2 protein chains.
Amino acid sequence: MDQPVINCRPERKDAAENRQRILDAALRLFEEHGVEPVSMNQIAAEAQIGAGTLYRRYRNKNELCMDLIRDPVDQLSRDIKAYLQGNNSSPPSERLRGLLALFLQFKEIHAGLIAGVEHSSAPLGAHSRTSTSLYEEFHQLLVQLFEEVSLEARQAGPDSVFRADMLMIALSSDSYLFQRNVRGNSQDTILDQLCQTFI
Amino acid sequence: MDQPVINCRPERKDAAENRQRILDAALRLFEEHGVEPVSMNQIAAEAQIGAGTLYRRYRNKNELCMDLIRDPVDQLSRDIKAYLQGNNSSPPSERLRGLLALFLQFKEIHAGLIAGVEHSSAPLGAHSRTSTSLYEEFHQLLVQLFEEVSLEARQAGPDSVFRADMLMIALSSDSYLFQRNVRGNSQDTILDQLCQTFI
DNA sequence: TTGACAAGTGGAGACCTCTCCGTTTAATAT
DNA sequence: ATATTAAACGGAGAGGTCTCCACTTGTCAA
C-alpha cells in the first residue's frame, strides 16, 4: 500500500560509470579534433558503449557540451554576481559594460564548446536561446540594467526586453566569430562597438 | 587547331529538363510539407532523378531555395532601388526605416524559403551572411545610410559597418521568428523597436 | 537470499547527407 | 552518318543522427 517513490532514485552505479566514460571520451576527442567534427558515433565508440546508451543520456551534442561546461558556467555565474555586488554603486551603463566584458572573456575561452552548444541546437530554432538557464539569467540581468539606464536618463528608452534580445543575439557565437574572424576585430574592439551600439 | 571554346556551352537539353523537374518537385513538396522537413532525397525521388544528379546542381537545400526565390529577390532589389530614388530627399533615418519595412515585408511573405536559405547553410557559419548577394547589397546600403545619419548629426556615430552587421543579424530569420512567435510582437512592433534600437 | 521490476544497455535499422565513379548521352567535328 | 568527347546521369556506399525494443542488471522489499 506504499506509494511508489516519486523522487527519482539516485543514479544507478553502472549508469554513473557510463556517464563518466562519455564525458572522458568526449573531452579527449574534442581536445584532439575540436568539437564540431566529432560525431556522436565516434564518442560512443571511444567510450565503448552503444549509440543508444549515449543518446539515452544526451539527446544531442549540445546537451553533452552543456554538461561539459557546466562548471565554468557556474563559475561565470558566480563571477557575475560578485562583480555586480562589488560595483553596485557604479552607473548602470558601466555595470553593463563590465557584464559584457565578463561574458566575452568567457566566450573567448570556451569558444569551441559554446559554439557546440549553440550550434544545430534547435528543433525550434529560437527556443534554444531561452532554454539555457545561463542565457535566461543573463538576459534577465540585461533587462534590469537597461531599465536602470532608462530610469536614470529620465527618458523612456526602447523596450528593454527587445534591446536585451538584440544584444544577446549579437553575442551569439555566430555573430561574435564573424566579427572576430571575418571583420578582424579584437575582443576589445567588439566590446567597444557593442557598448556604442546598444548602450 | 581551333581553340577549345572557353565560354561554357549552353546547358544541355536533358540537364535543363532535369533542372525544371527539380524546381517543380521541390515547390510541390515545400507547399505540401513546408521547407524544413523535406529532405534532398525526397526531392530527388519526387523529381525521379538520382541523388547524385540533384547534388550536382545544388550542393544543398539552401542553394535550391535560393534558386526558388530568385525572382522575388530580384523584385525586392528593384523595389528597394525605386524606393530610394523616390525618397532621396527624405532624411536618411526615414529612408532607413523604409528599407527595413520593405525587407521585413519580404521576410514575412517568403519566411519558409528564407529560413531554408539561412538554415544550416554554413560550413563556416557566419560566412553565409555575406555570401548571398542580396545580403551584401543590403548591408552596403545600410552602411551608406548610417554614414549619412552620422554626417547629418555632425557627430561620429559608432562604426557603421559594425552597426550594419548587428542590424542584419537582428533581421535573421532566427531572431525575427523569435520576436514574432515567442515574444508575440507584430511586424510593425518589431519595425518600431528595430528603429529605436539601431537608428 | 531472493524475486520483481524499473532502469539501463546496445545494436539493428530507418532515414539522412553527400561523394565517387562507371555508364549513358547530347552536342559537335569530320 | 559516324566518331569523339565532355557533360550529365544515377545508384551504391560511407558515414552521420536518432529510435526502437529485446535483453540484461542494479536495487530494494520481503
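Just so you know, these numbers come straight off a predicted model, no measurement behind them. Every chain is numbered from 1, with letters handed out A, B, ... down the list of sequences.
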Tell me yes or no: between the side chains of [X] and [Y], is some donor less than 3.5 Å from an acceptor?
X	Y	value
B/Thr189	B/Ser186	yes
B/Asp79	B/Gln75	yes
A/Glu94	A/Asn87	no
A/Gln20	A/Asp24	yes

*Heavy-atom contacts under 4.0 Å between residues 12-22 of chain A and DNA chain C, which residues?*
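Hits under 4.0 Å, by residue number: A/Arg12, A/Asp14, A/Ala15, A/Asn18.
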N/O (side chain, [X]) to phosphate O (OP1/OP2, [N]) under 4.0 Å:
X	N	answer
A/Gln42	D/dG16	yes
B/Thr53	D/dG10	yes
B/Arg57	D/dC9	yes

[N] [atom2] sits how many Å from [X] [atom1], rounded?
X	N	atom1	atom2	result
A/Tyr58	D/dT17	OH	P	16 Å
A/Lys61	D/dG15	NZ	P	17 Å
A/Asn60	D/dG16	CG	P	17 Å
B/Leu64	C/dC18	CG	C1'	15 Å
A/Tyr55	D/dT17	OH	C1'	4 Å
B/Ile49	C/dT23	CD1	C1'	17 Å
B/Met40	C/dT19	CE	P	10 Å
A/Asn41	C/dT17	CG	C1'	14 Å

*asked:* Quick check on DNA chain D: between A/Pro37 and B/Ala51, whose nearest nucleotide comes earlier from the 5' end?
replied: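 Nearest-nucleotide comparison on DNA chain D picks B/Ala51.
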*If you count the non-hydrogen atoms of other residues, nucleotides and ligands that lie under 6.0 Å from CZ in B/Arg59, is the total more than 12?*
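It does not: B/Arg59 CZ has 12 such atoms or fewer within range.
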Within the 4.0 Å heavy-atom criterion, would you say [X] contacts the bases, only the backbone, or no part of the nucleic acid?
X	value
B/Ser39	sugar-phosphate
A/Arg56	base
B/Glu11	nothing

*Run through A/Gln179, A/Lys107, A/Arg180, A/Gln105 and flag the one making a side chain to side chain donor-acceptor pair (under 3.5 Å) with A/Gln187.*
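The single option meeting the side chain to side chain donor-acceptor pair (under 3.5 Å) with A/Gln187 is A/Gln105.
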_Member of A/Ile114, A/Leu113, A/Leu64 meeting the side chain to side chain contact (heavy atoms under 4.5 Å, CB included) criterion with A/Val35_ =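 Passing option: A/Leu113.
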